[in-house]
Novice: 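Please find one structure pasted underneath; my questions will follow.
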Amino acid sequence: MILFNKPFFAGKEIDFLKTVISQGKLSGNGLFTEKCEHFLESNYGFKKTFLTSSCTDALEMAAILLNIAPGDEVILPSYTFVSTANPFVLRGARVIFADSGPDNPNVSVKSISELITKRTKAVIVVHYAGVACDMEELMKLVKRHRIFLIEDAAQAIDAFYKDKPLGSFGHLAAFSFHDTKNITSGEGGMLVVNDPKLMARAEILREKGTNRAAYTRGELKKYEWVDIGSSFLPSEITAAFLYAQLQKLKSVTKKRVELWNVYYKLLKPLIGVVTLPDFPAKYIAHNASIFYIVCRNQKERKNLAEYLKNSGIQTAFHYVSLHTSAFYKKAYPKHKPELPNAEMFSDRLLRLPLYYSLTLSQARFISRKVIEFYKDDIVTQ
Ligand SMILES: *Cc1c(COP(=O)(O)O)cnc(C)c1O
């Protein structure tokens, strides 16, 4: 069976974990937390980074940092994971869902612009599959309306828009190191703070609302409760594991893009029957976080997934569009937004296996099986 996902192992994880054990400090904000944060700041130009226990945690920190409160509206795509929405619902905001584009699961900037009101406090965008949203139009929009921009960059480590790293555009950005992502610490995440006004407070929120970080640096004689906050800081065990992975990040991206390119090249004859990822490669350097195809309907997707499974290939699909979810329908019974593109991707998008240890010949085999499934359609096209 070709599995849908296998987490990446860099090789040095155990060595670094041994260092953590020998140092006798397991809790967070030690040597490896600093190493990871320094690596990410110096290689990607992020102004300030904070490792967290998950991307969900990073987004919760973002919602607190922006003082999101009842009465605020936040606009986000419907076609995304629940963690893009939950942190803002937890603060009492109303979530307003925007639609995807017709040929890209990323949120459409036009759809966002039509939803902005006096109450709009922030926009959260998701770089789906590590493919950048239209950052030029987005930056213009949020500047014009003076609203905060948060990038849910969970899938977007080492991906770029016009040579600028994703995660360096928004006031805030959140990354994930969950084991379904390109590099991982099992569970893990990072908040990027690009707005200098938000940096000092982020450090306090992460340390349960205390000024412990300043105390640890020797700036204070004691530490105490100074703000709200929570336990968002990951342990040194997590950070050490992640540091091993960060050192291999470039080769991970390279291998994944190679596999992605094999899929794209071999499946290209299917364009017109199915839809393949489509974005301006001139501006966008993606990180091959996901390879997907969009089938013609939900039934066809089910049949294709079954056909591949019978050939020993595991696939996956995802995101019940949030505006059609059980929670949203219960929480907002009167609101029934029409988001046809989000629903289309929910019904028809299928993800193929893509991970570092997948071989090029496995990717070719999978592509051949997909072509085989569609052979009658290609002949009659
Ligand atoms: C994976 C993912 C998350 C959640 O990441 P965690 O680290 O598991 O909290 C959030 N948003 C998107 C778009 C994701 O893909």
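All values below come from the heavy atoms of this structure, side chains included, with hydrogens, waters and symmetry mates left out. Remember, it's 1-based here, ligands and their atoms both numbered in the order they're listed. Predicted model, so just to flag it, every value in this text is computed and none were measured.
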Novice: Do L205 and W225 land in one hydrophobic cluster if side-chain heavy atoms of ILVMFWY residues count as linked below 4.5 Å?
Specialist: no

Novice: Would you call the rings of F241 and F9 parallel, tilted or perpendicular, where under 30° means parallel and over 60° means perpendicular?
Specialist: perpendicular

Novice: Please tabulate, for side-chain N and O atoms in residues 257-268, each donor-acceptor pair with protein atoms closer than 3.5 Å (sequence neighbours left out).
Specialist:
| unit_1 | atom_1 | unit_2 | atom_2 | d |
| --- | --- | --- | --- | --- |
| W260 | NE1 | I290 | O | 3.2 |
| N261 | ND2 | V257 | O | 3.3 |
| Y263 | OH | P353 | O | 2.7 |

Novice: Kindly write out the residues that satisfy salt bridge (Lys or Arg N to Asp or Glu O under 4.0 Å) with K255, not counting sequence neighbours, or none if the list is empty.
Specialist: none

Novice: With ring centroids as reference points, do Y319 and F345 lie under 6.0 angstrom apart?
Specialist: no

Novice: Can you give each donor-acceptor pair under 3.5 Å made by side-chain atoms of residues 332-341, sequence neighbours left out, with the distance rounded to 0.1 Å?
Specialist:
| unit_1 | atom_1 | unit_2 | atom_2 | d |
| --- | --- | --- | --- | --- |
| Y332 | OH | V95 | N | 3.4 |
| K336 | NZ | P333 | O | 3.3 |
| N341 | ND2 | S100 | O | 3.0 |

Novice: Quick check for students: name every N or O atom pair between ligand 1 and the protein closer than 3.5 Å, with distances.
Specialist:
| unit_1 | atom_1 | unit_2 | atom_2 | d |
| --- | --- | --- | --- | --- |
| ligand 1 | 5 (O) | S176 | OG | 3.3 |
| ligand 1 | 7 (O) | C55 | N | 2.9 |
| ligand 1 | 7 (O) | S176 | OG | 2.7 |
| ligand 1 | 9 (O) | C55 | N | 3.3 |
| ligand 1 | 9 (O) | T56 | N | 2.8 |
| ligand 1 | 9 (O) | T56 | OG1 | 2.4 |
| ligand 1 | 11 (N) | D152 | OD1 | 3.3 |
| ligand 1 | 11 (N) | D152 | OD2 | 2.8 |
| ligand 1 | 15 (O) | Q155 | NE2 | 2.8 |
| ligand 1 | 15 (O) | K181 | NZ | 3.1 |

